[in-house]
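All remarks here apply to the structure that follows.
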Amino acid sequence: MPLSKWTILVAVLGVLGAIVFFFQFPSYAPQASLDMKFTRPEVIDQARNFLTEMGYDANNLYADANFNFRSGLALYLQDHLGLQEAHKILKADTLDLHRWHIYFFDKSLPTNQMPNRYNVWISPQGKVRQFQHLLRDSVAVPSLEEPEALAFAREFLQNRGVDFERFTLEQSSLSQLPNRKDYYFNWTENDSVYGMKSELWAKVKGNRIGEFGYDLDEPEDFIKEGSNIGTIVSFIITASSVATFFLLIFVITLYLKKYHEGEVGIKGALGIFSFLFALILIEHLLSFTTIGYGSSGGNLNRYNFRIVTFFITVFIIQAFMAVMAFAGWSVGESSARKGWGNKLTAIDGLLQKKPFSLNFAASAVYGYSFGFVLLAVIFGVLTFASQYNNFGIFTLSLNGIPESVFPSMSAAFLGLRVAILSEIVFRFFFISWLREKTKKIWPGILVSSLLWTLVAFNLWDFPPGFIDFWWLFPSYFLMSIVLGLIIVRFDLLTAIFTNWVMLSFAYAAPMLVSSSEFFQQQTDIFYAIMAFPLVVALIGFIRRQKVTFSRELIPTHIRRITERERMAQELEIARNVQMSLLPKQNPLIEGYDIAGICIPALEVGGDYYDFFQLGDGKMGIAIGDVSGKGVPAAIYMTLTKGILQSHAGESTSPKDVLNKVNKQMYNNIERNSFFIMFYA
């Protein structure tokens with residue numbers, strides 16, 4: 001089976017889309033605005049060496065490291081200087097913006113019992129930006145007087161390259177503790193940096209430097225605007241979470257209803273659930289150090305709090321999401337099998353361990369192509385818009401990619417997990433189910449897109465980031481429409497591949513632009529992971545085999561659905577035949593108003609009425625009802641009509657006609673059945 005011209009055209013467009021994306025994303029994706037020169041273990045070693053240089057012993061302490069992507073400052077620079085110029089400055093690492101946070105603590109003790117804790121902040125290129133020694137107030141340390149402490153702090157900062165000609169001392173304060181004196185000194189830079197206020201501080205605890213740092217603050221009006229946006233985001237996240245919860249209840253309730261009706265199966269849904277939960281578990285294990293970062297749990301130390309948060313996140317929150325995919329697949333599959341089963345053929349092949357098929361190959365080629373085309377459109381629009389107006393793209397975090405043990409796997413698995421959940425629960429489930437209910441496609445696309453717009457903020461990351469809330473939600477809606485149309489025109493697996501490509505390459509952006517040897521190796525592994533389905537697709541094109549199903553391979557519940565569909569069609573035919581046996585029109589007799597109608601309780605029934613022209617201006621009228629309902633009653637009704645028609649013309653006496661009908665019926669029907677008739 002040769003490749004069609006349409007397939008080749010889509011593949012060519014996909015290659016062009018990939019070229020546009022790889023050319024544009026380093027200049028416009030916030031995730032690509034930094035160069036990760038060092039890995040997590042390397043920055044931990046750097047921080048430990050720095051503490052040793054400072055005279056602190058942290059060799060027996062556990063080190064935790066997380067990357068802070070400082071979205072507010074990056075957003076200000078983008079809005080102030082433009083996307084490309086802001087990216088150049090951020091990559092140069094000349095400003096104290098994005099940084100690693102390394103935290104040293106004793107993981108065997110509760111927080112309030114630790115004698116020493118240390119925080120060190122290091123830039124992506126290895127510069128120590130801030131330091132903090134968390135020393136309990138009761139600890140006794142020989143103390144300096146204020147002039148000595150100030151001179152000590154200035155000398156320390158000068159040795160670290162600070163030019164005090166640029167700074168003015170703004171604050172000097174003393175904290176008198178029971179066993180020592182702590183001094184805090186704060187300087188501000190005389191000239192602003194791109195409109196941002198520079199701040200330098202140091203804290204002398206006793207006779208040692210206990211804290212120092214350099215930071216930038218956005219202008220107050222920008223901070224105020226960011227605070228207002230943060231409030232809006234909080235409400236949006238809350239609304240999205242509530243909507244997701246009610247959606248979970250709705251999907252599971254519908255699943256239970258169909259399960260009791262015998263219309264859903266377990267085997268395929270369990271396969272989807274198991275695969276999705278495996279992705280969740282692996283992904284969270286790879287990025288374990290990011291779980292719970294920025295939160296606290298009473299007196300639990302960070303390590304123990306992370307373990308508790310891990311189990312809550314994976315085995316409760318994410319497990320419920322996997323259950324929602326389980327129920328969404330079951331109900332969506334049940335609905336799709338009723339005349340829309342071709343949307344599942346490629347996935348059916350995977351579930352039956354037949355990946356090397358033309359069905360999978362076509363889905364992979366179309367999905368990858370559409371994914372890169374959509375990425376090219378998104379970044380093309382950003383490129384065009386940035387030529388006429390400065391605007392910022394907000395990205396909350398780097399999704400744990402810098403901290404991951406295997407960033408390549410984290411980016412690919414996170415993207416695949418979100419893509420599967422999104423396409424099964426929102427597009428496939430709603431479009432299939434509403435198609436079954438309404439016999440139309442557009443209600444499912446519309447409803448799924450509206451719901452997606454409401455909850456996507458919690459579940460799905462727009463590839464470059466968030467530009468503006470007034471544009472974000474229309475973009476979500478439009479993206480959902482496009483993905484829904486891909487399912488309708490192609491199949492579910494094509495939409496999953498499309499979504500996966502968009503998300504995974506966006507998540508992998510920090511790794512793709514890094515100059516670190518480790519991240520470059522991970523980039524190669526990431527490309528290999530992403531290329532694997534295309535290799536499987538190539539084998540499928542070579543083998544040229546389609547997924548076909550024998551009746552023995554079709555799941556039991558699908559055979560039940562098919563049998564019900566066949567019976568429903570046959571009953572519809574029987575209903576039409578039965579209705580055709582009733583009078584086509586009512587008789588017209590001067591001085592009389594005659595009308596008749598029959599509405600069976602089920603598809604067919606035993607109700608009957610008829611009119612007979614007997615000649616000489618006479619008419620016979622019959623009204624009858626066979627005992628029981630459904631097909632048996634309909635058969636007896638048809639038999640009765642034939643017998644009555646054969647005797648009605650023989651006599652004008654209702655008594656004689658009904659006697660003859662009764663005798664023949666008595667000889668032909670079961671003894672536990674009867675027929676009531678009025679004949680005039």
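- Under the 4.5 Å side-chain criterion, counting only non-hydrogen atoms from C-beta, V20 is not in contact with F23.
- The aromatic rings of F466 and F394 lie parallel to each other, their planes meeting at an angle below 30°, with 60° marking the opposite boundary.
- Side-chain contact annotation: Y366 with D491, donor-acceptor N/O pair under 3.5 Å absent.
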**Pair F310-F288, side chain to side chain contact (heavy atoms under 4.5 Å, CB included): steps then yes or no** = CA-CA 8 Å; F310 172 82; F288 176 74; 3.9 Å; yes

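- Pairing each heavy atom of V455 with each of A243, the nearest pair is CG1-CB, 3.5 Å.
- Contact of the T494 side chain with the R489 side chain is not registered, since no non-hydrogen atoms from C-beta on lie closer than 4.5 Å.
- The two residues A11 and V365 have their closest heavy-atom pair at CB-CG1, 4.1 Å.
- Residues that satisfy the salt bridge (charged side-chain N to carboxylate O under 4.0 Å, His left out) test with E403, not counting sequence neighbours, are absent from this structure.
- Heavy-atom contacts from other residues, nucleotides or ligands closer than 6.0 Å to CZ of F406 number 12 or fewer.
- A donor atom on one side chain and an acceptor atom on the other are not found under 3.5 Å apart for Y476 and S449.
- Distance check, rounded to the nearest 0.5 Å: OH of Y259 to CD1 of I266 gives 5.5 Å.
- Taking the side chain as every heavy atom from C-beta outward, I496 and I347 approach each other to under 4.5 Å.
- Separation of atoms OG1 (T498) and CG (L483) is listed at 6.5 Å; rounding is to 0.5 Å.
- Two residues are said to be in side-chain contact when any heavy atoms from C-beta on lie closer than 4.5 Å; F21 and V377 fail this criterion.
- Proximity of the aromatic rings of Y255 and F326 is defined here by a centroid distance below 6.0 angstrom, and this criterion is met.
- Every residue two or more places apart in sequence or in another chain that forms a side-chain hydrogen bond (donor to acceptor under 3.5 Å, both in side chains) with K257 is listed here: E261.
- For residues 276-287, every residue pair satisfying the salt bridge (charged side-chain N to carboxylate O under 4.0 Å, His left out) rule, not counting sequence neighbours, is listed here: E283-R417.
- A salt bridge links R337 with D348: the distance from a Lys NZ or Arg NE/NH1/NH2 to an Asp or Glu carboxylate oxygen falls below 4.0 Å.
- Taking the six-membered ring where the residue is Trp, F25 and F379 present perpendicular rings, their angle passing 60° and hence far from 30°.
- Shortest non-hydrogen contact noted between L276 and A322 is CD2-CA, 3.9 Å.
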**Request:** Step by step, work out the side chain to side chain contact (heavy atoms under 4.5 Å, CB included) result for I19 and V15.
**Result:** CA-CA 6 Å; I19 293 172; V15 172; 4.2 Å; yes

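- Contact check on K258 versus E436 returns a salt bridge, with a Lys/Arg side-chain nitrogen under 4.0 Å from an Asp/Glu carboxylate oxygen.
- Within a 6.0 Å radius of OH in Y609, other residues, nucleotides and ligands contribute more than 12 heavy atoms.
- Taking all atoms of both residues into account, the shortest heavy-atom contact from S422 to W452 is OG-CH2, 3.3 Å.
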**Message:** Determine whether S480 and R427 satisfy the following criterion, side-chain hydrogen bond (donor to acceptor under 3.5 Å, both in side chains), listing intermediate values before the conclusion.
**Reply:** CA-CA 8 Å; S480 185; R427 254 75 64 178; 2.9 Å; yes

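- A donor-acceptor pair under 3.5 Å is absent between the side-chain atoms of S410 and the main chain of I401, judged by distance alone.
- Counting heavy atoms from C-beta on, the side chains of F360 and F497 come closer than 4.5 Å.
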**Asked** Would T383 and L83 count as a side chain to side chain contact (heavy atoms under 4.5 Å, CB included) if you check the C-alpha gap in whole Å, the side-chain angles of each, and the deciding distance to 0.1 Å?
**Response** CA-CA 9 Å; T383 304; L83 284 173; over 6 Å; no

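- Distance CZ/F426 to CG/L450: 12.0 Å, rounded to 0.5 Å.
- Residues passing the ring pair (Phe, Tyr, Trp, His ring centres under 6.0 Å) test with F315, sequence neighbours excluded: F277, F311.
- Two residues are said to be in side-chain contact when any heavy atoms from C-beta on lie closer than 4.5 Å; F356 and Q545 fail this criterion.
- When atom types are taken as modelled, the side chain of T290 and the backbone of S287 share a donor-acceptor pair closer than 3.5 angstrom.
- K584 NZ: more than 12 foreign heavy atoms inside a 6.0 Å radius.
- Applying the side-chain hydrogen bond (donor to acceptor under 3.5 Å, both in side chains) test to S357 and every residue at least two apart in sequence or in another chain returns nothing.
- Ring centroid separation for the pair W329 and F429 does not come in under the 6.0 Å cut-off.
- At least one donor-acceptor pair closer than 3.5 Å links the side chain of S71 to the backbone N or O of T395.
- Nearest heavy-atom pair across L421 and A325 is CD1-CB, 4.0 Å.
- Residues F526 and F505 bring their aromatic ring centres within 6.0 Å.
- Separation of the F250 and W433 ring centroids falls under the 6.0 Å cut-off.
- Between the CD1 atom in I393 and the OG atom in S386 there is a gap of 8.5 Å [rounded to 0.5 Å].
- If you take CE on M409 and CG on L279, they are separated by 9.5 Å, rounding to the nearest 0.5 Å.
- Within the 6.0 Å centre-distance limit, the rings of F370 and F490 are counted as a close aromatic pair.
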**Prompt:** Can you check side chain to side chain contact (heavy atoms under 4.5 Å, CB included) on Q31 and N399, steps first, answer last?
**Reply:** CA-CA 10 Å; Q31 304 94 321; N399 298 291; 5.7 Å; no

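- The side-chain hydrogen bond (donor to acceptor under 3.5 Å, both in side chains) check on Y368 picks up nothing, with sequence neighbours excluded.
- Residues F462 and I378 meet the side-chain proximity criterion, which asks for heavy atoms closer than 4.5 Å.
- One side chain, S504 or W500, offers a donor N or O that lies under 3.5 Å from an acceptor on the other.
- Going from atom CG of L286 over to atom OG of S404 covers 4.5 Å, rounded to the nearest 0.5 Å.
- Under a 3.5 Å cut-off, the side chain of T438 and the backbone N or O of L434 do form a donor-acceptor pair.
- Taking all atoms of both residues into account, the shortest heavy-atom contact from M324 to T244 is CE-CG2, 4.2 Å.
- Within the 4.5 Å cutoff, the side chain of L270 has no heavy atoms near those of the F275 side chain.
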